[in-house]
Visitor: 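Have a look at this one.
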Amino acid sequence: MTLYHNDMSSCAQKVRFVLAEKQLQWHSEELNLRRGDQQRPDYLKINPKGLVPALDHDGNILVESNIIVDYLNESFPQPALMPDTPLERAAVRWWMKKLDDGLHLEVAALSFGIAFRLQLLEAYDGDSQRIDQHLKAIPDAYMRDVQTQVMAEGIESPRFIRAVHEFDHLLAGLDTELAQRKWIGSDNMSLADIALAPYATRLDHLHLQGMWRDRPHVKRWYEQIKLTPGYQQGLADWFNPQYLALMDSAGADAWPQIMAILK
Ligand SMILES: N[C@@H](CCC(=O)N[C@@H](CS)C(=O)NCC(=O)O)C(=O)O
């Protein structure tokens, strides 16, 4: 099994978490997203959208992280990462669907607005023409729009402001959910927890923990998922110190503006 991924990509983190929980062996093909590896013709043959992750299992290519983790869970049933009852499984899928319905793009807006745009500026020596070329070459129209919109204005961009509100809304819903259950949608850890953990992690890395300061159930859930072996091996072991330093300092600078947006 080969995983095409990136150390800090939230969708790749989700897949590595599942691979670790299932104790599966896999081969790593890591892409540098700021250098544009995902736009290379050989990778576009694997995922024409130019996005990671992609999984090659016995020559079968799978893309879309929610589909990949579902496939892994069905192919390798132990430990089970979906609940036993149809109603709980529906709840798990409902939470996971939020990411594909737009929340993933909101995290892209937050991450690019605060930090990743600085990496792109550095990767292309601030050359706006080359940055423009990079952005225009993003095959996925939704991802292209988000990055283009926040690239210019950063945290002042309306697209960024919307993302802050969308995440605030998600955290409010999660806090209510987790006041009733130990995990999201069921009493055991499932794909919903694994799918959402990278997003809490991203907010944490972007110095935005204040967004759940008054949300004790989210805080408790985040602390508990960090203790799992899957989180350790799938996320923490891959954390890139350079990303962490940039996200933390740029996030600290952005925090007063985010508080103002939330008021
Ligand atoms: N819906 C896709 C989203 C994948 C995605 O957006 N991946 C990001 C990294 S988290 C990416 O590859 N970005 C490439 C880029 O920034 O050009 C999934 O769940 O797999």
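Both ligands and their constituent atoms are indexed starting at 1 by order of listing.
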Visitor: Are the side chains of P158 and E153 in touch, meaning some heavy atoms are under 4.5 Å apart?
Guide: yes
Visitor: Using the six-membered ring of W95, assess whether NZ or CZ of K98 lies under 6.0 Å from its centre and within 45 degrees of the ring axis.
Guide: yes
Visitor: Determine which pairs satisfy ring pair (Phe, Tyr, Trp, His ring centres under 6.0 Å) with at least one residue from residues 35-61, sequence neighbours left out, and list them in order.
Guide: Y4-Y43, H57-Y71, H57-F76
Visitor: Quick one: does Q129's side chain get under 4.5 Å of Y124's, heavy atoms only?
Guide: no
Visitor: Restricting to side chain to side chain contact (heavy atoms under 4.5 Å, CB included), what partner residues turn up for D70, sequence neighbours left out?
Guide: E74, L191
Visitor: What about E64: any of its N or O atoms under 3.5 Å from an N or O on ligand 1?
Guide: yes
Visitor: For ligand 1, which is the ligand I care about here, please tell me if V52 has any N or O atom under 3.5 Å from one of the ligand's N or O atoms.
Guide: yes
Visitor: Quick test: of every protein heavy atom, which one is nearest to atom 5 (C) of ligand 1, and how far off is it to 0.1 Å?
Guide: H104 NE2, 3.4 Å
Visitor: Quick one about N6 and N32 (side-chain donor to acceptor, distance below 3.5 Å, no hydrogens or angles considered), yes or no?
Guide: no
Visitor: Which atoms of ligand 1 have any heavy atom of M143 under 4.0 Å away?
Guide: 6 (O)
Visitor: Specify the protein heavy atom at minimum distance from atom 17 (O) of ligand 1: its residue, its atom name, and the distance to 0.1 Å.
Guide: Q38 NE2, 2.8 Å
Visitor: Ion pair present between E223 and K219, side-chain N to carboxylate O less than 4.0 angstrom?
Guide: no
Visitor: When only distance counts, is S65 in polar contact with ligand 1, meaning an N/O pair under 3.5 Å?
Guide: yes
Visitor: Is there a donor in the side chain of W212 and an acceptor in the side chain of D175, or the other way round, less than 3.5 Å apart?
Guide: no
Visitor: Under 4.0 Å from any heavy atom of S10, which atoms of ligand 1 are there?
Guide: 10 (S)
Visitor: What atoms of ligand 1 come within less than 4.0 Å of a heavy atom belonging to P53?
Guide: 20 (O)
Visitor: For atom 11 (C) of ligand 1, what's the nearest protein heavy-atom neighbour? Residue, atom name and distance, please.
Guide: L51 CD2, 3.6 Å
Visitor: Which protein non-hydrogen atom lies closest to atom 9 (C) of ligand 1, naming both residue and atom, and how far is it?
Guide: S9 OG, 3.6 Å
Visitor: Short list, please: which atoms of ligand 1 are under 4.0 Å from a heavy atom of Q147?
Guide: 15 (C), 16 (O), 17 (O)
